[in-house]
Engineer: 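Got a structure here, written out as structure tokens. Questions coming.
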Amino acid sequence: MKVLIVASEVFPLVKTGGLADVAGTLPKALIAKGCDARIMLPAYPGIVDKLVDVKQGPNLGDPYGFGEVRLLTGKSPEHSTPYWLVDSPPLFNRPGGPYLNDQGRDHHDNHRRFATLSWAAAMVAQHGKLLGWQPDIVHANDWQAGLIPAYLRTWKQKHPPVVFTIHNLQFTGMFSYQQFLELGLPESEYRLEGMEYYGHFSMLKAAIQYSDAITTVSPTYAQEIQTPGFGCGLDGLLREKSDRLTGILNGVDYSLWSPEEDSLIKARYSAKSFSGKTKNKTALQKQCGLEVSAQKPLFGIVSRLSEQKGLDLVHRLIPSFVEKGAQFVLLGSGDPYFEGEFKALAAQYPDQVSVTVGYDEPYSHLIQAACDFLLVPSRFEPCGLTQLYALRYGTLPIVRATGGLADSVWEGGPDREQTGFVFYHSHVDDLSYAMDRALTLYSNPKLLRQVRQNAMAQDFSWDRSAGEYLGLYGRLMG
Ligand code: ADP
Ligand code: GLC
């Protein structure tokens with residue numbers, strides 16, 4: 001089966017969040033199951049240098065006057081996943097990140113940039129035979145790839161089915177009517193039953209409207225987004241499409257995220273002995289100037305700093321938990337308001353609270369290995385990957401019961417052993433009570449060891465998720 005996976009970020013080439021981890025690993029897992037999977041993303045600056053075997057592919061032309069679009073093909077040096085890069089220098093070769101310019105604002109022409117990514121993928125889907133490879137299935141991810149089914153549908157020719165995965169419904173890819181008019185889509189589709197979204201145009205709505213199947217990244221989030229509280233104004237449409245909407249939980253690339261093999265941490269360890277975990281804790285405490293103590297419970301956070309992640313609750317609790325003897329280490333970036341607020345706390349408690357603003361992949365591994373608990377108190381969380389990584393490192397997640405957090409962490413029950421701590425309301429008292437339960441467990445080393453072992457025994461490997469995607473692709477192909 002030939003599958004074209006399309007995403008705006010792919011680890012290890014370019015990453016701002018969990019989408020990159022998923023888009024980097026799902027193709028590997030599909031290939032391991034015998035699938036011919038390829039991944040398409042924009043040729044951002046520097047990407048070509050990270051690939052091997054790079055070749056010029058076909059020139060697709062310049063249909064809407066945004067710049068010539070060429071395809072480049074290449075392979076990852078670590079594994080053989082084939083990459084297709086959408087090369088259009090006026091759109092993609094510029095300073096900044098995938099979505100933001102070097103001033104931290106959205107690129108002014110993101111509608112053109114990601115319409116071009118979608119258009120190129122649709123061209124390969126439609127005319128792949130002429131290019132030497134036509135997918136049986138196109139798997140589009142998030143709004144940046146949302147126009148793929150819109151182009152295919154409006155071209156009105158036979159084309160492969162499109163699966164669209166929602167990684168985060170909050171990002172709707174919303175643009176103006178004027179911007180819509182630039183993208184070569186029929187004006188007749190700018191309507192309520194098409195791509196119009198509250199007086200604007202939404203690439204995410206387009207995807208939901210025209211895809212053959214819609215998935216999201218956990219079963220619970222698939223239910224939540226059909227309710228007004230989580231639906232971002234699209235819950236009605238999602239309820240209408242509920243027969244084609246499913247939730248498939250993301251997996252973990254355990255070749256990158258396992259304390260037994262992780263080369264980015266200070267000492268390796270397994271569930272048999274936690275002495276290596278303690279060495280990581282000591283190394284981290286030294287590295288960030290915290291009081292060095294194996295006894296102090298250490299809470300970690302690795303996160304985008306945004307309203308979604310509920311970290312304002314943690315911020316309010318840090319002083320009282322420092323009083324109770326806890327330490328905190330945070331790695332994150334995003335909203336400057338949260339960055340400033342956490343930095344102020346670190347200045348107030350330099351021996352007990354460490355805050356690093358920025359993006360640091362190796363340090364995120366050390367935090368996972370070193371901490372006793374990982375805080376993920378999200379208001380909503382489509383899947384969440386950091387809690388899955390934490391489980392494997394025996395770092396007990398403290399999560400709010402939402403989306404993929406609810407589907408992956410348990411605080412015990414008749415048929416489930418405890419792997420972490422779960423609270424239900426986005427309220428400071430509820431989180432505080434969960435953190436107190438964590439401290440109680442911490443004071444009982446025998447029980448703590450048992451719960452860590454339960455957590456490390458969980459299996460969230462990609463094999464299962466990839467199997468579910470393959471089942472879906474197969475059903476769509478009939
Ligand atoms: P989201 O995609 O909503 O940000 P996820 O939990 O799905 O949340 O994925 C976040 C990914 O980004 C994880 O791989 C996490 O380790 C990583 N990450 C988040 N913030 C940072 C950071 N500041 N530095 C390094 N890695 C980070
Ligand atoms: C999004 C979500 C996150 C999910 C990730 C990968 O960024 O916010 O919950 O884990 O996508 O699917």
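Please read these numbers as outputs of a predicted model, since none were measured by experiment. All ligand and atom numbering here is 1-based and tracks the order in the structure.
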Engineer: Run the salt bridge (charged side-chain N to carboxylate O under 4.0 Å, His left out) test on D372 and K277 for me, step by step, so that the C-alpha distance in whole Å, both residues' side-chain angles and the decisive distance to 0.1 Å come before the verdict.
Structural biologist: CA-CA 9 Å; D372 299 299; K277 188 163 177 60; 5.7 Å; no

Engineer: Nearest 0.5 Å, what's the CD-CG distance between E341 and L305?
Structural biologist: 11.5 Å

Engineer: Please indicate whether any nitrogen or oxygen in C383 is less than 3.5 Å from any nitrogen or oxygen in ligand 2.
Structural biologist: yes

Engineer: Give the residue and atom name of whichever protein heavy atom lies nearest to atom 3 (C) of ligand 2, and the separation in Å to one decimal.
Structural biologist: E381 OE2, 3.3 Å

Engineer: Which label fits F92 and F114: parallel for a plane angle under 30°, tilted from 30 to 60°, or perpendicular past 60°?
Structural biologist: tilted

Engineer: Using a 4.0 Å cutoff against the non-hydrogen atoms of D21, which atoms of ligand 1 qualify?
Structural biologist: 13 (C), 14 (O)

Engineer: Take a 6.0 Å sphere around CZ of R94 and say whether it holds more than 12 heavy atoms from other residues, nucleotides or ligands.
Structural biologist: yes

Engineer: What atoms of ligand 2 come closer than 4.0 angstrom to any heavy atom of Q308?
Structural biologist: 8 (O)

Engineer: So H139 and Y473, ring-ring contact (aromatic ring centres under 6.0 Å, His included) or not? Walk me through it.
Structural biologist: CA-CA 9 Å; H139 187 161; Y473 303 157; 5.8 Å; yes

Engineer: Near G17, which atoms of ligand 1 are under 4.0 Å from a heavy atom of that residue?
Structural biologist: 2 (O), 11 (C), 12 (O)

Engineer: Select one of side chain, backbone, both or neither to describe which atoms of Y389 lie under 4.0 Å from any atom of ligand 1, heavy atoms only.
Structural biologist: side chain

Engineer: Which of the numbered atoms in ligand 2 are under 4.0 angstrom from any heavy atom belonging to V22?
Structural biologist: 6 (C), 12 (O)

Engineer: Could you tell me the residue and atom name of the protein heavy atom closest to atom 4 (O) of ligand 1, and the distance to it rounded to 0.1 Å?
Structural biologist: R304 NE, 2.8 Å

Engineer: Pair T165, T215 - check side-chain hydrogen bond (donor to acceptor under 3.5 Å, both in side chains), show working.
Structural biologist: CA-CA 5 Å; T165 297; T215 70; 2.7 Å; yes

Engineer: More than 12 non-hydrogen atoms from neighbouring residues, nucleotides or ligands closer than 6.0 Å to NZ on K241, yes or no?
Structural biologist: yes

Engineer: Could you establish whether Q387 and ligand 2 come within less than 4.0 Å of each other, counting only heavy atoms on the residue side?
Structural biologist: no

Engineer: Judged by non-hydrogen atoms, does A20 sit under 4.0 Å from ligand 1?
Structural biologist: no

Engineer: Among all protein heavy atoms in this structure, tell me which lies nearest to atom 10 (C) of ligand 1, with the distance rounded to 0.1 Å.
Structural biologist: G18 N, 3.6 Å

Engineer: Show which atoms of ligand 2 fall inside a sub-4.0 Å distance from at least one heavy-atom site of V217.
Structural biologist: 12 (O)

Engineer: Starting from atom 15 (C) of ligand 1, locate the nearest protein heavy atom and write down its residue, its atom name and how far away it is, to 0.1 Å.
Structural biologist: T386 CG2, 3.6 Å

Engineer: Does ligand 1 have an atom that lies less than 4.0 angstrom from a heavy atom of Q387?
Structural biologist: no

Engineer: Would you please determine whether Q170 falls within less than 4.0 Å of ligand 2 on a heavy-atom basis?
Structural biologist: no

Engineer: Under a 4.0 angstrom heavy-atom cut-off, which atoms of ligand 2 come close to R304?
Structural biologist: 8 (O)

Engineer: What I want to know is whether H167 and ligand 2 share at least one N or O pair that is separated by under 3.5 angstrom.
Structural biologist: yes

Engineer: Tell me: protein heavy atom nearest atom 6 (O) of ligand 1, and distance?
Structural biologist: L385 N, 2.8 Å

Engineer: Measure D360 to ligand 1 on non-hydrogen atoms and call it side chain, backbone, both or neither using the 4.0 Å cut-off.
Structural biologist: backbone

Engineer: Among all protein heavy atoms in this structure, tell me which lies nearest to atom 8 (O) of ligand 1, with the distance rounded to 0.1 Å.
Structural biologist: K309 NZ, 3.2 Å

Engineer: I'd like to know if the side chain of E224 and the backbone of G403 have a donor-acceptor N/O pair within less than 3.5 Å.
Structural biologist: yes

Engineer: Looking only at protein heavy atoms, which one is nearest to atom 12 (O) of ligand 1, and what is the separation?
Structural biologist: K15 CE, 3.6 Å

Engineer: Among all protein heavy atoms, pick the one closest to atom 23 (N) of ligand 1 and tell me residue, atom and distance.
Structural biologist: G358 O, 2.8 Å

Engineer: Out of all atoms in ligand 1, which are within 4.0 Å of some heavy atom of G384? Include the element for each.
Structural biologist: 6 (O), 7 (O)

Engineer: Do any N/O atoms on T16 end up under 3.5 angstrom from N/O atoms on ligand 1?
Structural biologist: no

Engineer: Need the ligand 2 atom indices (1-based, order shown) with element for anything under 4.0 Å from a heavy-atom of N168.
Structural biologist: 8 (O)

Engineer: Please check if any side-chain donor atom of Q368 sits under 3.5 Å from a side-chain acceptor atom of D262, or the reverse.
Structural biologist: no

Engineer: In terms of the angle between their ring planes, are F321 and F299 parallel, tilted or perpendicular, with boundaries placed at 30° and 60°?
Structural biologist: perpendicular

Engineer: For residues T419 and Q458, is any side-chain donor paired with an opposing acceptor at under 3.5 Å?
Structural biologist: no

Engineer: Of all the non-hydrogen atoms in the protein, which one sits nearest to atom 27 (C) of ligand 1, and at what distance?
Structural biologist: Y359 CE1, 3.4 Å

Engineer: Under the criterion ring-ring contact (aromatic ring centres under 6.0 Å, His included), I'd like the reasoning laid out for Y389 against W257: C-alpha separation, chi angles, the key distance, then a yes or no.
Structural biologist: CA-CA 6 Å; Y389 303 153; W257 293 98; 3.9 Å; yes

Engineer: Pull out every atom of ligand 2 sitting under 4.0 Å from any heavy atom of N250, numbered as shown with elements.
Structural biologist: 6 (C), 10 (O), 12 (O)

Engineer: Verify salt bridge (charged side-chain N to carboxylate O under 4.0 Å, His left out) between K309 and E381, making sure each step is shown before the conclusion.
Structural biologist: CA-CA 8 Å; K309 301 293 177 177; E381 195 61 74; 2.9 Å; yes

Engineer: Numbering the atoms of ligand 1 from 1, which are under 4.0 Å from a heavy atom of S303?
Structural biologist: 20 (N)

Engineer: Give a yes/no verdict on a cation-pi contact between R437 and Y433, requiring under 6.0 Å between NZ or CZ and the six-membered ring centre and an angle within 45° of the axis.
Structural biologist: yes

Engineer: Would you please determine whether C383 falls within less than 4.0 Å of ligand 1 on a heavy-atom basis?
Structural biologist: no

Engineer: Give the ring-plane orientation class for Y393 versus Y269, where under 30° counts as parallel, over 60° as perpendicular and anything between as tilted.
Structural biologist: perpendicular

Engineer: My understanding is that only one of Q352, K296, E291, K281 makes a side-chain hydrogen bond (donor to acceptor under 3.5 Å, both in side chains) with Q327; could you say which?
Structural biologist: Q352

Engineer: For ligand 2, is there an atom lying under 4.0 Å from some heavy atom of G384?
Structural biologist: yes

Engineer: Is it the case that atom NZ in K279 sees more than 12 heavy atoms from other parts of the structure closer than 6.0 Å?
Structural biologist: no

